[in-house]
Amino acid sequence: MPSLPPHPAALSKRDQKSTGRTGGIDEARIGSTYFEAETPLSDGSGNPPEGWDDPTQLGTMTLKSESEAVFTDDAGHEVRFVARPGASAFKHICA
């Protein structure tokens, strides 16, 4: 399957206060497919790592195949995501 055209995207930190879970850059959804970052990014305290905007980082999400997507932005960040076959929700649900 050829790559699909890139789409504007924003990776957002989810509100972690009610669940106590840590956050950062770790999951995405494109259409009905849920993806997880190959290497999740976090400062360890529920925030995006240094150099990322908080709570939203604007950029482009490119679907490379049915199972791989890549987020890039003007700051030079690149995060690779892999599909979670059979997933119907995010792993971390935050209110």
Side-chain angles (χ1 to χ4, degrees):
M1 174 179 152
S3 290
L4 298 177
H7 297 279
L11 293 182
S12 297
K13 178 180 85 171
R14 290 180 296 279
D15 179 4
Q16 310 298 322
K17 295 180 181 99
S18 64
T19 64
R21 292 183 187 266
T22 59
I25 312 304
D26 61 350
E27 297 185 84
R29 186 180 79 190
I30 301 173
S32 61
T33 303
Y34 290 85
F35 291 80
E36 61 187 338
E38 285 182 341
T39 304
L41 303 174
S42 173
D43 71 354
S45 296
N47 301 301
E50 187 175 327
W52 286 76
D53 290 337
D54 185 3
T56 302
Q57 182 74 35
L58 298 178
T60 301
M61 184 69 83
T62 303
L63 190 61
K64 296 291 193 178
S65 70
E66 291 180 11
S67 62
E68 181 184 7
V70 178
F71 174 84
T72 56
D73 63 21
D74 290 340
H77 299 119
E78 180 176 297
V79 182
R80 295 193 171 280
F81 290 84
V82 294
R84 293 177 40 231
S88 60
F90 289 110
K91 288 181 177 181
H92 306 288
I93 303 298
C94 302

Would you sort out whether Lys64 and Val70 count as a side-chain contact (heavy atoms from CB on, under 4.5 Å), showing the intermediate values?
-> CA-CA 7 Å; Lys64 296 291 193 178; Val70 178; 4.0 Å; yes
Rounded to the nearest 0.5 Å, what's the gap from CZ on Phe81 to CD on Glu38? Could you check?
->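 Going from CZ on Phe81 over to CD on Glu38, the span is 9.5 Å.
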Can Phe35 and Leu63 be said to form a side-chain contact (heavy atoms from CB on, under 4.5 Å), step by step?
-> CA-CA 11 Å; Phe35 291 80; Leu63 190 61; 3.7 Å; yes
Inter-residue atom distance Leu41.CG - Glu50.CD, 0.5 Å rounding =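 If I round to the nearest 0.5 Å, the distance is 13.0 Å.
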Closest heavy-atom contact between Trp52 and Asp73?
->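 Closest approach of Trp52 to Asp73, heavy atoms only: CZ3-OD2, 4.4 Å.
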Name the orientation class of the two ring planes belonging to Phe90 and Tyr34 (parallel below 30°, tilted from 30 to 60°, perpendicular beyond 60°).
->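 Perpendicular, since the angle between the ring planes exceeds 60°.
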Shortest non-hydrogen contact from Ile30 to Met61?
->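 So the minimum-distance heavy-atom pair works out to CD1-CG, 3.6 Å.
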List the steps and the verdict of salt bridge (Lys or Arg N to Asp or Glu O under 4.0 Å) for Glu78 and Arg80.
-> CA-CA 7 Å; Glu78 180 176 297; Arg80 295 193 171 280; 3.4 Å; yes
Is the backbone N or O of Gly86 less than 3.5 Å from a side-chain atom of Arg84, with the two atoms forming a donor-acceptor pair by type?
->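 No; judged by distance alone, with no hydrogens or angles, the pair does not exist.
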Which heavy-atom pair separates His77 from Gly51 by the least distance, and what is that distance?
->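 Distance-wise, the nearest heavy atoms are CE1-O, 3.1 Å.
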Ser65 side chain to Ser67 main-chain N or O, any donor-acceptor pair under 3.5 Å?
->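 Checked: pair present.
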Inter-residue atom distance Ile25.CD1 - Asp43.CG, 0.5 Å rounding |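 It is 10.5 Å, given to the nearest 0.5 Å.
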